[in-house]
Amino acid sequence: MMEKISSLAKRRGFIYPDSEIYGGYQGFWDYGPLGVELKNNIKRQWWKSMVYNREDIVGMDTSIIMNPVVWEKSGHLKAFTDPMVECRECHKRFKEEDKKSHEHDDWTEPKIFNLLTEVLLGTTEPKEKAYLRGEITQGVFTNFENVVASSRVKIPFGIAQIGKAFRNEITPGNFTFRSREFEQMELEYFVKPDEAESKKIFENWKEQRINWYESLGMTAKKLRFQDHKDKEKAHYAKYATDIQYEAPFGWSEFEGIHHRGDFDLKNHGLSYLDQETQEKYIPWVIETSGGVDRATLFFLIDAYYEDGERVILKLHPKLAPIKVAVFPLLSNKPDLVKKAKWLFGKLKIAIPPVAWDDRGNIGKRYFSQDEIGTPWCVTVDFQTLEDETVTIRDRDTAKQERVGIDKLNEWFSAKLNDPTSE
Ligand code: GAP
């Protein structure tokens, strides 16, 4: 299954190995023309549900490289680690938990390995050592007081962010699942320090997040929560739950919901003053931290269907990289081609991106669009020239419907703006 997905991803322009002409680079991937659309759609939907649809959440975009003191205060320099072991036979290094995937069984004692990626800055020697952020979160915490002072937020409120994070993973693998450069979509939700209330908010975010994946088409029975046991918890977490997907390589985490307590704000020496009560306190943080690349991979896997020779990506229309494909029934009839081109131009503005295809026969064009998840194909035929109607063919049912050209915008908008998936 993973081979089918990675080969489709490469062949149709979703995901390519990074620096492939030089043999690739382990743990790095590039998104192609369709991949960037899919990934952007996931991020757009997330932003809509987290920021635009709410009154208590604002957005941010913070720096990838921060003052190195941040990583000392956040505990990452000390505790952002994995135990690493080396195979005595082939000298390959593994994360200790991945030992079982290896053919030999003669290991060195585990060594603690820090996952932060170092960078050297400046022009004078010795250069200054800084780090690429290991989680996008810290920029939100260090700006906590800026956001409170410059916007009208009041506790409880949240700050949402999407951006790249970097981890010097010992064993990148399972396609994009464990990479060294990846994107996160995170919410830090600040609440009053109160056990019962914060637990309620934590439970509520768990439900909202799993529902969001389901509302965008992910199969409910392939999703589950997995609570962290004490020894699995990140150094900042009071308690934590993963959202897992049943991937071909087993149940795998792709979003973490963490109760971070006052760990971060306290370590950075930050607090909050309630303007009404004049009460000063350190808020607690409930975090939802999703991986954009893992979500992209799992949406792809979940959407993949085979029907004989045919491959269909049953992506939710809101996520589909191309919304509509427009075809002239025959490519050697100038009247049909002209009308179809005109319609293509109109739809491209109304519901982008739209694909054009006039190669081969209609069957092959459907086949090609199904494989990349295009929900609808519009065909301009001889009847169109007489009565200004076209056929819309549905990807999942293969049924065709005749619709007036003047009704198309309305028809597609109704499907794409369905409020149950926001
Ligand atoms: N701020 C909290 C945090 O970073 P995390 O559980 O370490 O929590 C959150 O990471 C999410 O980031 C994970 O659920 C996963 O989706 C994504 N992620 C983490 N490491 C990754 C990696 N090496 N490759 C791809 N995605 C990764």
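In each ligand, atom 1 is the first atom listed, and ligand 1 is the first ligand listed.
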Query - Atoms in ligand 1 with a heavy atom of Glu253 nearer than 4.0 Å - result: 6 (O), 13 (C), 14 (O)
Requested in this report: Look at the side chain of Arg294 and the backbone N and O of Glu255, then say whether any donor-acceptor pair between them is shorter than 3.5 Å.
Outcome: no
**Report entry** Residue Tyr236 vicinity, atoms of ligand 1 by number, heavy atom under 4.0 Å
**Finding:** 2 (C), 3 (C), 8 (O)
Query - Test side chain to side chain donor-acceptor pair (under 3.5 Å) applied to Glu183 - qualifying residues, sequence neighbours left out - result: Lys39, Lys43
Requested in this report: Find all atoms of ligand 1 within a distance of less than 4.0 Å from any non-hydrogen atom belonging to Glu255, and give their numbers and elements.
Outcome: 14 (O)
Requested in this report: Give a yes/no verdict on a cation-pi contact between Arg180 and Phe166, requiring under 6.0 Å between NZ or CZ and the six-membered ring centre and an angle within 45° of the axis.
Outcome: no
Report summary line: Note: ligand 1 atoms sitting under 4.0 Å from heavy atoms of Ser289 are 1 (N), 2 (C), 3 (C), 4 (O), 8 (O), 9 (C), 10 (O), 11 (C), 14 (O)
Query raised in the report: Between Asp56 and Tyr189, do the side chains contain an N or O donor and an N or O acceptor separated by less than 3.5 Å?
Result: yes
Requested in this report: Would you indicate which of Arg167, His228, Arg294 comes nearest to atom 21 (C) of ligand 1 when only heavy atoms are counted?
Outcome: Arg294
Report summary line: When rounded to the nearest 0.5 Å, the distance separating CD of Glu109 from CD of Glu96 is 8.5 Å
Query - Test: Asp370 and Arg393 ion pair at under 4.0 Å - result: yes
Query raised in the report: Does Glu103 come within less than 4.0 Å of Lys92, counting only side-chain N to carboxylate O?
Result: no
Report task. Under 4.0 Å from a heavy atom of Ser179: give me the atoms of ligand 1 that qualify, with their elements. Result -> 22 (C), 23 (N), 24 (N), 25 (C)
Report summary line: Within 4.0 Å of some non-hydrogen atom of Glu169, the atoms of ligand 1 are 22 (C), 23 (N)
Report task. For Asn67 and Val70, indicate whether the former's side chain and the latter's backbone hold a donor-acceptor pair under 3.5 Å. Result -> no
Requested in this report: Using distance alone, determine whether Phe254 and ligand 1 share an N or O pair under 3.5 Å.
Outcome: yes
Report task. Could you check atom 25 (C) of ligand 1 against the protein and tell me its nearest heavy-atom contact, residue, atom and distance included? Result -> Phe177 O, 3.1 Å
Query raised in the report: Who's the nearest protein heavy-atom neighbour of atom 17 (C) of ligand 1, and how far?
Result: Gly291 CA, 3.8 Å
Query raised in the report: Against heavy atoms of Arg260, which atoms of ligand 1 measure under 4.0 Å?
Result: 1 (N), 2 (C)
Requested in this report: Using non-hydrogen atoms of the residue, decide whether Asp293 is closer than 4.0 angstrom to ligand 1.
Outcome: no
Report task. Would you mind telling me if ligand 1 is within reach of the side chain of Glu287, the backbone, both or neither, using heavy atoms under 4.0 Å? Result -> side chain
Report summary line: For atom 18 (N) of ligand 1, the closest protein heavy atom turns out to be Phe182 CE1, 3.5 Å
**Report entry** Side chain Asp242, main chain Gln244, donor-acceptor under 3.5 Å
**Finding:** no
Report summary line: In ligand 1, the atoms that come under 4.0 Å of a heavy atom of Glu135 are 1 (N), 2 (C), 3 (C), 4 (O)
Report task. Examine ligand 1 and decide if any of its atoms is less than 4.0 Å from a heavy atom belonging to His258. Result -> yes
Report summary line: Note: Met185 and Tyr213 closest approach over all heavy atoms is CE-OH, 3.9 Å
Query raised in the report: To which protein heavy atom is atom 12 (O) of ligand 1 closest, and what is the distance rounded to 0.1 Å?
Result: Gln184 NE2, 3.2 Å
**Report entry** Backbone of Trp107 reached by a side-chain donor or acceptor of Arg88 within 3.5 Å
**Finding:** yes
